[in-house]
Structure formats: structure tokens, C-alpha cells
Amino acid sequence: MSTPENSYRYDSTLAADIESRWQERWDAEGTFEAPNPTGDLAGDVSDERFPAGKFFIMDMFPYPSGAGLHVGHPLGYIATDVVGRYRRMTGHNVLHALGYDAFGLPAEQYAVQTGRHPRETTLENIGTMQRQLRRLGLAHDKRRSFATIDPEFVKWTQWIFLQIFDSWYDAERGTARPIRELVEKLGTDDPAVIDQHRLAYVSESPVNWCPGLGTVLANEEVTADGRSERGNFPVFKRNLKQWNMRITAYADRLVDDLERVDWPEPVKIMQRNWIGRSHGARVRFDLPETGDGVEVFTTRPDTLFGATYVVLAPEHELVERITTSAWPEGTQDAWTGGAATPAEAVAAYRAKAAAKTDAERQEDREKTGVFTGAFATNPVNGEAVPVFVADYVLTGYGTGAIMAVPGHDARDFEFATVFGLPTPRVVDGEGDLPFTGDGVAVNSANDEISLDGLGVAEAKARVIAWLEEKGRGTGTTTYRLRDWLFSRQRYWGEPFPIVYDEHDRPIALPESMLPVDLPEVPDYSPRTFEPDDVTSEPEPPLGRVQEWVHVELDLGDGPKQYRRETNTMPNWAGSSWYELRYTDPHNDAVVTDPANEAYWLGPRAEGETGGVDLYVGGVEHAVLHLLYARFWHKVLFDLGHVSSEEPFHRLFNQGYIQAYAYTDDRGAYVPAVDVQERDGGYFLGDQPVAREYGKMGKSLKNSVTPDDMYEEYGADTLRVYEMSMGPLDVSRPWETRAVVGSQRFLQRVWRLAVDEETGAPLATDEPADAATLSTLHRTIEGVRADMDAMRFNTAVAKLIELTNHLTREGVRSRQVLEPLVLMLAPLAPHVAEELWTRLGHEGSLAHVPYPAFDASLVVEETVTCVVQVQGKVRAKLEVAPSATEDELTALAMADANVQRAIDGREVRKVVVRAPKLVNVVV
RNA sequence: GCCGGGUUGGCGGAAUGGUAGACGCGACGGUCUCAAAAACCGUUGUCCGAGAGGGCGUACGGGUUCGAGUCCCGUACCCGGCACCA
């Protein structure tokens with residue numbers, strides 16, 4: 001607390017005073033408002049303040065939870081703010097703002113519990129969060145903030161949906177095109193034909209139906225054991241009519257363009273794995289008895305000579321047709337499933353497979369299956385191979401049928417072992433069967449073709465060419481990626497801008513009718529059922545508002561009755577395009593003006609993708625959000641609405657701040673604040689408690705809030721502490737008692753410039769001594785490099801070293817203090833602004849150029865030369881930086897300690913790296 | 001199982017193949033003070049030694065190199081993602 005004696009001491013009270021004054025001033029002066037090329041935010045983008053051009057920074061935007069923030073939440077926001085402020089001082093026009101992702105399940109559930117409208121509670125939460133964040137002093141352009149629930153924002157989310165609905169993918173040209181061009185191309189406008197090609201389409205598809213919650217769930221909302229994350233209710237696969245997005249059309253571009261963006265390699269790998277592109281072949285196995293053929297997909301056509309049986313998924317359409325009426329002569333008992341005929345065996349097996357939930361399928365990994373009685377012909381060697389039905393083959397991938405090569409596939413090998421099938425080797429290499437590594441083909445020849453002696457890649461190419469020539473197969477590519485299930489039976493989401501006509505065909509609403517607002521409903525919850533009631537049907541909340549659902553509209557051919565779509569969009573919709581809205585947040589005529597989009601997001605050189613210059617967020621969005629956003633952006637690019645091919649050019653994943661939590665002997669959490677560490681243990685009073693490590697949260701009783709930190713230390717201290725804890729991309733534990741170190745640092749800087757008792761300025765106009773100048777310029781060089789590389793922890797360390805030097809030497813020269821304050825400004829902006837003013841400057845330092853270093857001053861007068869003998873340090877010499885190798889060798893040899901270490905042995909070699917190192921080898 | 005990432009003092013963490021432990025927390029000692037707090041100064045990997053100095057140290061075992069926390073091979077453990085995707 002400040003006292004009358006030292007009311008100019010930099011404590012939390014003074015910090016709070018400084019911080020609120022500067023926050024008000026920044027707001028009043030519009031310090032962080034970034035001009036646009038055109039529109040309502042237009043300004044001079046070629047202003048002399050911006051010699052370095054534009055810089056667009058984004059945070060993954062927050063979901064405004066009712067619980068409020070803890071100190072872990074702002075980590076990324078502080079980091080982007082530091083980058084933004086630094087870029088501003090290096091001459092960039094910086095676009096940085098923060099919106100809110102405000103639709104979603106938590107708000108809906110809260111509404112169900114309290115009966116209050118989710119909009120009301122969501123807006124309240126946004127208000128709370130804005131207050132907490134404002135206190136951090138983030139340099140956002142507040143004119144550009146928005147929430148996904150704003151009607152103006154919803155309008156454009158719905159508009160983008162209509163663009164996607166109104167286009168198709170031209171695979172030949174590799175681009176999306178308007179649907180009218182498909183109508184011209186096909187010469188028909190029959191909806192039954194056209195609707196099948198749309199990028200947004202309705203289809204009957206299997207979804208996660210949770211009767212206990214009364215809604216379908218996204219895959220990510222279902223736990224690994226097949227229950228809902230919320231409520232732990234069972235989840236069933238049900239076929240339901242749903243909206244889908246044809247993201248699979250973009251699979252190749254989504255994979256290929258990963259090479260053109262600057263993202264962490266692990267995230268790229270996760271996206272590649274998720275898309276799961278695999279090259280292989282479709283191969284036809286004839287079934288001579290019925291005249292059918294079964295097409296299988298394989299990534300290893302080179303092992304075709306080792307295929308000893310064929311497996312169909314239980315749901316495969318050919319299963320019933322090919323199953324024979326009696327077991328062939330000599331059928332092994334193990335193949336029959338104990339049934340009298342193949343038809344009975346297959347029917348029983350299919351029934352059992354259908355009854356299994358996904359979770360159960362995952363639990364029983366033992367290979368099961370039954371023989372269909374049918375044989376297929378291996379197209380390369382004419383051998384008759386048995387056809388099985390087994391649930392280890394999945395219906396949704398490839399063709400739902402495989403050729404089994406037990407010698408070179410682990411799953412096939414397991415199955416073959418259980419069913420007593422042969423496992424020939426057709427690839428030679430080091431290792432037992434099943435051998436899946438690279439090797440040389442063996443036993444792989446017929447009269448026309450031989451793969452023997454070829455490597456895997458060559459053998460694949462050779463056999464595919466032969467199959468294509470014979471019309472028995474084709475080289476092909478498949479993907480793991482599925483189309484994006486885009487509807488939810490929820491209230492709190494964007495309504496679809498779609499109505500159905502009397503034929504139940506989806507019709508797009510015209511742009512003039514956007515946005516379609518959510519109606520008021522009597523009850524926000526969907527109808528729920530007994531948790532295990534598999535036969536129940538979902539009833540979306542919007543379906544209950546009959547007067548909203550049934551609507552009379554004139555869509556061009558006179559007023560008619562229509563039925564509205566009652567599903568809503570998933571939570572991902574808003575975040576799939578919000579980067580665009582920051583560039584032109586109030587535009588009512590277009591999603592973003594092309595000039596604004598091109599300036600902030602457009603590619604700056606031939607072949608670049610464009611996109612946000614820096615996007616910071618957690619790695620948990622590595623796949624879903626980032627894939628959806630890339631997909632939408634590419635559609636808009638194809639349709640000519642944006643000039644950038646990718647939404648986010650550079651991605652950075654920040655780590656998390658975690659915390660210790662403590663449990664007593666009953667396993668209950670105790671308040672972490674009250675736990676003391678002593679005698680190598682942890683205690684609550686006299687009671688020993690156990691320590692755990694994990695997320696910060698109310699339930700673990702280990703939350704620390706930003707407000708606690710503002711109160712005790714101030715926002716600048718919190719910012720500096722969070723930036724100095726460690727590298728930004730690494731998770732680390734919070735330690736409140738260490739925060740004081742950052743406060744002491746700021747206090748030392750403050751004391752250099754301000755008299756704590758009187759408030760008088762202490763900076764002098766005397767020039768600094770040579771040693772100090774050298775330290776200063778080395779600091780500037782190092783801090784600039786650290787800031788460029790986002791190594792804020794080491795930047796802070798260097799500033800502390802400089803400050804400690806000045807404190808120790810009593811240097812208060814303006815020549816040093818001014819650059820110190822400017823370098824501190826991105827990290828601790830309020831106190832820096834205050835000191836800048838007290839150093840006699842008017843106006844904010846936000847656009848003052850960041851200090852530059854003088855290379856001639858970076859050189860030190862002497863350097864420490866390390867002398868090693870056999871790689872071990874034996875002496876240190878203070879030498880001139882210009883010392884030559886010979887001089888250094890002579891000095892080293894003259895050192896008594898070095899001679900003692902050499903101990904009379906013959907010197908075989910001397911390695912010198914002037915002027916820092918001499919290594920004597922004996 | 002597969003694919004990523006990691007493992008450095010009591011703690012968070014620094015280290016272009018060249019002084020391991022910057023900076024901070026904590027701890028210990030000192031200055032100031034009637035006293036305390038704050039501040040400032042000093043010490044702080046570990047073992048041996050009065051000291052000078054020396055031995056050992058970056059999960060573990062090997063290797064490359066004049067020199068390895070850093071590069072290579074293998075092992076263990078921790079965290080994250082995917083999981084019968086042919």
C-alpha cells in the first residue's frame with residue numbers, strides 16, 4: 001500500500017492508477033484503431049507511421065463462459081498484444097481485435113436450467129469478460145469487435161451458407177462453381193439431379209443420437225466409450241436426415257496447401273492424418289458362381305499375389321446375393337459359426353454386428369467372421385479364394401471390401417490365424433510375418449507379368465498398369481475424411497436460411513430475407529427420452545414453434561406455404577469465417593469489401609496463399625476448427641469473394657498455464673491457496689494433503705483470477721510475469737508467489753526514473769559511459785531478435801539484466817532510460833507510457849520507433865576466452881576481441897593451471913576459435 | 001499399437017556443436033533500522049578440500065567429435081493426437 005511518505009512508489013495502487021488512466025486515454029484517442037483502405041473505417045493506410053506495411057494478428061476467439069477468467073486464459077491474448085505493440089513500433093499498421101464465439105451448448109444448458117434467454121446470459125458473460133480483459137490493457141481496435149450471435153454477423157454466416165448451397169465442385173477444374181453453371185452444363189434444372197451436387201446438401205446419414213439429451217451430438221462430444229460427454233448418457237448411431245458439407249471435395253487441396261502455410265509441423269501432420277489420403281488401387285475379384293464381381297480397395301496392390309481370401313463388411317450390399325445355400329465340401333467348422341447353412345451363419349453374424357455399438361466394436365478386437373460359401377477369383381493368379389464377412393472391415397471406407405494379404409497385413413494375419421488360412425510371403429525383407437515394411441517382391445509372377453525383384457513402389461506401379469490394361473482394376477486415391485455433418489437439434493445456434501416446398505425440397509431464402517432470426521420458444525431444451533430408448537426420434541426446439549415453422553413467402557412465383565428448417569448450425573459455423581469480418585466489421589453490403597480483404601489478407605507475392613499474419617491459439621483446434629475454416633475460405637476464394645487462398649498464413653500454438661491442486665485424505669479438493677509447503681510435504685493446517693497437477697478450475701479449487709493479480713500487483717506485472725514464465729508454446733505451472741519477481745523488476749525500472757518520495761524525475765542528460773552503452777546496444781540487439789522470434793521470456797531476462805546493470809551502477813542517463821522504456825513498452829505498456837511522459841514526452845509511445853542498435857557499440861572491449869584441456873575448462877582469459885589465434889595459444893600455454901592440467905604430456909593439437917575458445921589436446 | 005512432443009538445480013526455466021544452469025522464485029548471509037517490512041549487496045547443482053583447486057553432473061546405455069544438453073543409434077518414463085481406415 002502506498003503511504004504518504006512514499007506515494008510515488010510503484011505499488012499495486014499506483015499501478016492501478018496509471019493503468020486505468022492510460023486505458024482511458026488510449027480509448028479516447030483511438031490509439032489502436034487501424035485504418036482500412038475503404039469503407040466506414042477508411043483512413044490513410046500508406047501513412048508515414050506504417051513504412052513496414054500491414055500486420056494482421058488474431059487470437060482464437062473465446063467462448064464467453066459464465067465462470068469468468070482465470071490467469072491461464074489471457075496468456076495468448078497477452079502474447080498477441082505484445083506482438084501487436086511491437087509491430088506497431090516497428091512501423092506496421094496493426095489489425096488486432098477480439099470477437100466472441102457466443103453460440104453453443106453451455107449457454108443453452110444454462111438457459112434450460114434458469115429459464116433465462118441464452119442471449120441475455122451470453123451478453124452478460126461477454127460484458128464480464130470484456131471488463132476483465134480491458135483491465136489487461138490489450139491494444140485492440142475496439143471498433144472491430146463482434147459476437148457471432150449479433151444479427152449482423154448471423155446474416156453473413158447464413159449468406160456464406162447460401163453461397164456453399166448454391167455451388168458445386170468441378171473436379172476437372174479443381175474449383176467450386178455456381179450451381180447455375182452446372183444447370184447449363186447438364187442441361188437440366190431438375191432438383192433431384194442438381195441437389196445431389198451441391199456443396200451443402202441434405203442426406204440420410206448415421207449420426208450420434210443421444211436420447212437422454214434429446215439431441216444429436218458431434219463426434220467430439222462423444223467419449224471414447226460411446227457416451228455423451230455431458231450427462232454420460234448412451235449414444236446410438238442412427239440414420240437421420242441431416243445437412244452435410246461436401247468438404248471431401250476439397251480433400252486434395254486441404255492436404256496440398258498445408259505445404260504453403262507456416263504452421264507447426266505437428267498440426268500439419270494431424271490434419272494430414274485426419275484427411276488420410278491414401279493412394280492405392282481398386283481391384284475387381286470375380287465371383288464366377290453368381291457372375292458378380294466384388295471391388296476391393298487396397299493400398300498394397302503389389303501384394304496381390306499374396307491375397308488368400310476376400311472380406312466384405314457386414315453391411316456390404318453384395319453379401320446377401322453371394323451367400324450360398326449350402327456349405328461347400330470340406331468347409332472347416334470354424335468358418336461356419338456353428339450354423340447349418342451359410343445363409344443362416346451370415347444372417348446371424350450380420351444381426352450381431354448391427355446390434356453392436358461403436359464402443360462394443362472397439363472393445364472386442366478379436367477377429368470374428370463367417371464364410372459366405374462363395375469363392376472369388378484372384379485376378380493375378382486365377383486362384384479361387386474364400387469370401388468372408390467380418391466386422392473388422394468397415395463399411396464407410398474404401399469400397400467396404402478388402403482383399404486379405406495375411407503375410408503383409410497385421411489385421412489379416414490375425415484373422416488368418418484364427419481361421420486357419422494360408423499366409424504366403426510375397427515381399428522379402430528382414431522380419432517375421434506379417435511383414436509390412438519395404439522389401440522386394442517374391443513369388444509374384446504369372447504368364448504375363450512378374451513383380452519379382454521389384455521394390456514396393458515399383459511393384460505397385462507395374463501391377464496397377466497391368467490391371468488397368470486388363471480392365472481388372474484402376475489406380476485410385478481414397479480419404480479417411482468424411483463430409484461434415486452440419487445440423488444440430490438445438491436452439492442456440494444459427495437458423496438455416498432454408499425453407500422446404502410442398503415436395504420437401506430445400507429452397508434457399510434470398511439474401512434480402514437475411515438474417516433469419518431465432519424465434520422465441522417456450523422451452524429451450526429439446527425433448528428428452530429414456531436414455532436407452534433407441535427408437536426415439538429427435539425433436540428440435542424450433543420444431544415446437546409451429547407459427548414460425550410454417551410460413552407464407554413469395555419466393556418469385558407468388559405467395560406460397562413453406563416449412564422452415566428447424567435444425568440449427570453447429571457451433572463451428574461462426575468461427576469458420578470470422579477472420580474476414582475483422583477486416584470490415586460493419587459492412588452491410590458485402591461480407592467484406594474486396595479492397596479491405598486484399599489489403600489485410602491478400603497474398604503479397606506470386607504463389608503465396610495470403611491469410612492472417614499471425615494466428616495464436618491452443619492446439620486443441622488442430623483439426624476441426626482449422627479444417628472447417630480453411631474449407632469455407634477456399635470455397636469463398638473459388639467463388640471470387642476473397643483473394644486469399646488460406647485464412648491463416650502463420651499459426652502458433654500457445655501452451656497452457658496449469659496449476660497444482662490438493663486433496664485431503666478423503667480425496668476431496670481443498671483450497672490450493674491455503675495449502676502450505678513444509679518439510680518436503682504439503683499441509684492444510686496440520687493435515688497432510690496430496691498434490692495433483694492439472695487444469696485450473698473451480699472444481700479443483702485452484703483457480704487464480706486476473707482480478708486477484710490486478711488487485712495485488714497490477715496488470716503490467718501480470719503481463720510481464722506471464723511472458724517471462726517460459727517459452728510461449730510450452731505449458732507450465734502457475735506459481736503466485738513468483739509473480740513478485742516481475743513486480744520488483746518494474747519497480748527497479750520505475751526507481752531509475754522517478755523519485756519514490758517526491759515523484760521528481762531523476763533522468764539526467766549526461767551521456768552514458770561506454771560500458772553501459774555497449775550493454776544497452778547488446779540488449780537492443782538481443783531483445784529485438786527475441787521479440788521477432790516471440791521469445792518473450794528471454795527478452796524479459798535481457799531487460800532485467802540491463803535494468804540491474806543500471807541500478808548497480810547508478811546510471812540514470814536519458815540516453816539509456818529512453819530505449820529501456822521503449823523496449824519495455826510492448827510488455828508493460830502502462831508503466832512504460834507513464835515513464836515516457838515523465839521523461840518529458842508528449843503523447844503515446846505506441847507509434848514511436850522501437851530502439852535500433854548501433855553495431856559498432858555492440859562490440860565489447862574485452863571478451864572471456866575459455867581455455868580447455870581435453871575439453872575441460874582449465875582457465876579463463878580476458879582478451880581483446882581482436883586477439884589472434886597465435887596470441888591466444890601463447891596466452892593459454894602461459895597459464896599455470898593449463899600447464900598443470902597438461903601435466904607434461906605432449907601437446908598434439910590446439911583448436912582455437914578466436915577469440916572465445918582454446919582447446920589443448922594432449 | 002501407430003504418429004507427434006518432451007525429460008536440465010529445491011521450483012519455473014537459459015544455453016548458433018564451444019564457460020551447463022542466463023533471468024526469476026525460494027533458501028541462506030549481510031547493509032540499513034530501536035525493531036520489522038521494503039529496498040540494496042552477496043552466496044546458492046553436487047561431492048572432496050582450510051584454500052588453491054579437483055571429481056561427478058542435462059532421464060538411462062552406447063556412438064560420432066579436439067569438444068555433445070545440443071548430432072546419430074538404442075532403452076525407460078511422461079504428455080498429446082489417432083486408433084481394425086486395408
Side-chain angles (χ1 to χ4, degrees), chain A residues 3 6 9 11 224 264-270 272-274 276 278 280 296-300 303 311 313 361-362 364-367 390-405 408-412 414-415 436 478-482 619-620 622-623 653 677 680 693 720-721 724-727 729-742 744-745 747-748 751 756 782 791 793-801 803-804 807-808 864-876 896-897 900-901 908-913 916-922:
Chain A
T3 61
N6 55 8
R9 181 171 161 66
D11 57 14
E265 201 53 39
V267 175
K268 291 187 182 184
I269 291 170
M270 277 190 253
R272 281 193 202 107
N273 290 345
W274 187 267
S278 53
V296 303
F297 174 73
T298 176
T299 55
R300 293 293 305 275
T303 61
V311 186
R361 268 201 178 193
Q362 275 181 27
D364 321 321
R365 281 258 184 144
E366 307 96 71
K367 295 288 178 286
D391 67 0
Y392 84 92
V393 173
L394 308 176
T395 191
Y397 183 78
T399 60
I402 62 156
M403 64 176 209
V405 185
H408 303 283
D409 181 283
R411 298 150 300 182
D412 296 345
E414 258 179 69
F415 188 88
T436 54
T478 61
Y479 306 88
R480 207 187 73 116
L481 181 70
R482 308 293 160 83
V619 74
E620 71 272 18
V623 174
N653 292 125
E677 181 180 359
Y693 181 56
V720 171
Y721 176 65
S724 63
M725 289 168 81
D729 54 355
V730 173
S731 295
R732 74 290 316 247
W734 178 262
E735 192 178 10
T736 296
R737 70 176 180 183
V739 178
V740 69
S742 299
R744 287 178 192 154
F745 162 52
Q747 284 173 335
R748 284 199 294 277
R751 269 197 303 271
E756 284 191 333
R791 292 187 303 251
N793 53 331
T794 51
V796 171
K798 290 180 174 79
L799 292 175
I800 292 174
E801 281 184 283
T803 302
N804 291 352
T807 300
R808 198 163 39 240
T864 306
C865 178
V866 175
V867 184
Q868 301 176 334
V869 177
Q870 298 293 72
K872 287 187 197 287
V873 179
R874 296 301 177 185
K876 292 174 189 179
N897 215 30
R900 186 167 45 204
R908 296 198 345 239
K909 190 169 156 189
V910 180
V911 180
V912 185
R913 293 283 177 274
K916 300 281 284 185
L917 180 107
V918 176
N919 189 10
V920 180
V921 186
V922 295

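Letters go in sequence order (proteins before strands), and every chain restarts at 1. Here the structure is a predicted model, which is why all the values come from computation and not from measurement.
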Exercise for the section: Mind checking side-chain hydrogen bond (donor to acceptor under 3.5 Å, both in side chains) for A:Thr864 and listing every partner two or more places apart, or none if nothing turns up? Expected result: A:Glu878
Problem - Partners passing side-chain hydrogen bond (donor to acceptor under 3.5 Å, both in side chains) against A:Arg748 (at least two apart in sequence or in another chain) - result: A:Asn804
Exercise for the section: Could you state the atom-to-atom distance from CG of A:Asn653 to C1' of B:rC79 in whole Å? Expected result: 15 Å
Handout entry: Rounded distance (Å) that lies between atom P of B:rC84 and atom CE of A:Met403
Key = 21 Å
Identify, with sequence neighbours excluded, every residue that meets side chain to side chain contact (heavy atoms under 4.5 Å, CB included) alongside [X].
X        : result
A:Arg482 : A:Tyr397
A:Ala797 : none
A:Pro727 : A:Asp729, A:Val730, A:Asn793
A:Thr436 : none

Problem - Base B:rC23 paired with A:Lys798 side chain (donor-acceptor, <3.5 Å) - result: no
Problem - Pairing residues for A:Arg272 by the salt bridge (charged side-chain N to carboxylate O under 4.0 Å, His left out) criterion, not counting sequence neighbours - result: A:Glu265
If you look only at distance, which donor and acceptor atoms sit under 3.5 Å apart when one is on a side chain in residues 733-740 of chain A and the other is two or more places apart or in another chain?
unit_1	atom_1	unit_2	atom_2	d
A:Trp734	NE1	A:Thr736	OG1	2.7
A:Glu735	OE2	A:Arg737	NE	2.7
A:Glu735	OE2	A:Arg737	NH2	3.2

Problem - Secondary-structure stems, RNA chain B, at least 3 Watson-Crick or G-U base pairs under 3.5 Å - result: B:1-7 with B:76-82, B:10-12 with B:23-25, B:26-31 with B:39-44, B:45-48 with B:53-56, B:59-63 with B:71-75
Problem - Under 4.0 Å protein heavy-atom contacts per nucleotide of nucleotides 42-53 of chain B, with B for base, S for backbone only and - for none - result: -----------S
Fill in the blank from the handout: With B for base contact, S for sugar-phosphate-only contact and - for none (protein heavy atoms under 4.0 Å), nucleotides 2-21 of chain B reads -SS-------SSSS--BBS-
Practice task
Give a yes/no answer on whether the side chain of A:Ser278 brings an N or O atom under 4.0 Å of OP1 or OP2 in B:rA86.
Solution key: yes
Atom pairs under 3.5 Å, N or O on each side, protein against nucleotides 37-39 of chain B: can you list them with distances?
unit_1	atom_1	unit_2	atom_2	d
B:rA38	O2'	A:Arg9	NH2	2.9
B:rA39	O3'	A:Arg751	NH2	2.9

